[in-house]
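Letters A, B, ... mirror the listed sequences (proteins, then strands); counts begin at 1.
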Number of protein chains: 2
Amino acid sequence: MPTSTRFAVATHILTALAVTEGKPLRSEDLATSVNTGAVVIRGLLSRLAEAGLTRSQLGSGGGALLAKAPNEIRLLDVYRAVEDTELFTVHRQPPCAECPVGANILAAINPVLTRAQTAMEAELGRTTIAEIAARVNAAAHV
Amino acid sequence: MPTSTRFAVATHILTALAVTEGKPLRSEDLATSVNTGAVVIRGLLSRLAEAGLTRSQLGSGGGALLAKAPNEIRLLDVYRAVEDTELFTVHRQPPCAECPVGANILAAINPVLTRAQTAMEAELGRTTIAEIAARVNAAAHV
DNA sequence: TTTGTGTGTCGATATCACTATTACACACAT
DNA sequence: ATGTGTGTAATAGTGATATCGACACACAAA
């Protein structure tokens, strides 16, 4: 049950904005760095802006900017901004309601799945874009 | 991204086998309870048998059986047996190797993703099929 | 005010993983 | 020997995602 590439790409975007410290980056520039189309970037920027993580400078010399300090953007915020499917998917078609197991299995496993997702999200909440940017800077500075 | 229902269905299968305590269940019976085709069940049973969680009784009156005690099967074992994609997918096409960010972003975020996945798996390791079966029994016993 | 630039969004196409279904050879129990 | 059930292959269908081209709108600069 994989996540989409949106989370990884969105983190890439925010990290790039953090590394270039306040200089607006065009969606086309970001697309080059990510190696994808500009439309993909714009779609993600739209979600990130809606979540209050980025803003856009229109007109010539414009581009995307961070709306918050890098150390105030947790990876969990990014995850929630761009990922919309549940981590665990259950039965596509509801199981047999007459069977003892089918009628109760979903209620029985849901608490466990919720706990597992919460544990994962808690871990994502411990890292910020600032830390990722620092790691990228250190690696690129060699 | 088409997320897989395999984990939920496999848990359903094992719970059903645990609830019926040693009586072989045919893949067709399990398919009815899950509300899917028998081939889907067989495919999952094949993976579960390979992981040492189930075994099959051939011939008339046969079917699937648990190969271990329900309290020795953790949900983590089920997850690993049937789910083969990574939890987090990164860039589909590798990012620009010339850009400072593109060249280092994957190495920078990988440790975080690994920690998040580990936290999720640790949570799945705390629950066994026996507990799920008990919860289903309690709900069905009303 | 005019011009240029970049965003934001729509629609169509391609791609991938997963599910569903049919079919059939093989193994075991009675 | 017969019937039953498993295991696997092949195929088709589905849903989410990614990719590409195009265009209206907003802002900045001259």
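Regarding A:L65, its CG atom lies at a distance of 15 Å from the P atom of D:dC27, rounded to whole Å. Rounded to whole angstrom, the span from the CZ atom of B:R47 across to the P atom of C:dC18 amounts to 8 Å. As a whole-Å value, the separation of B:L45 CG from D:dT8 C1' is 14 Å. Regarding B:D84, its CG atom lies at a distance of 17 Å from the P atom of C:dC16, rounded to whole Å. Counting to the nearest Å, the P atom of D:dT17 and the CD atom of A:E83 are 8 Å from each other. Here the P atom of nucleotide D:dG7 and the CG atom of B:L48 are 11 Å apart, to the nearest Å. The CD atom of A:E28 sits 13 Å away from the C1' atom of D:dG21 (whole-angstrom rounding). If you take CG of B:L25 and C1' of D:dT6, they are 14 Å apart, rounded to a whole angstrom.
Residues B:T5 and A:V90 form no side-chain contact, since every pair of their non-hydrogen atoms from C-beta on lies 4.5 Å or further apart. At a threshold of 4.5 Å between non-hydrogen side-chain atoms, the residues A:R6 and A:D84 count as touching.
OP1 or OP2 of C:dT19 has at least one side-chain nitrogen or oxygen of B:R6 nearer than 4.0 Å. Checking the phosphate oxygens (OP1, OP2) of C:dT9, a side-chain nitrogen or oxygen of A:S46 falls inside 4.0 Å. Remark: A:S56 is in phosphate contact with C:dG8, judged by side-chain N or O atoms under 4.0 Å from OP1 or OP2.
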Give me the distances for all protein-to-nucleotides 20-30 of chain C N/O pairs that come in under 3.5 Å?
{"unit_1": "C:dA20", "atom_1": "OP2", "unit_2": "B:T36", "atom_2": "OG1", "d": "2.5"}

- Message: Quick one, B:T128 with B:R74, criterion side chain to side chain donor-acceptor pair (under 3.5 Å). Give me CA distance, side-chain angles, the key distance, then yes/no.
- Response: CA-CA 4 Å; B:T128 68; B:R74 301 172 300 164; over 6 Å; no
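Of the candidates D:dT6, C:dT7, C:dC18, D:dT6 carries the atom nearest the B:R26 side chain, counting heavy atoms from C-beta on. When distances run from any side-chain atom of A:T5 to the nucleotides D:dA18, D:dG7, C:dC18, the shortest one goes to D:dA18.
With salt bridges taken as basic N to acidic carboxylate O contacts below 4.0 Å, one links B:E123 and B:R126.
Between A:T15 and A:T11, the shortest heavy-atom distance links the atoms OG1-O, 2.7 Å. The shortest heavy-atom contact between B:V82 and B:A10 is CG1-CB, 3.9 Å.
Interatomic distance, B:L48 CG to B:L14 CG, rounded to the nearest 0.5 Å: 5.0 Å.
Within 4.0 Å (heavy atoms only), B:G63 reaches sugar-phosphate atoms of the nucleic acid but no base atom.
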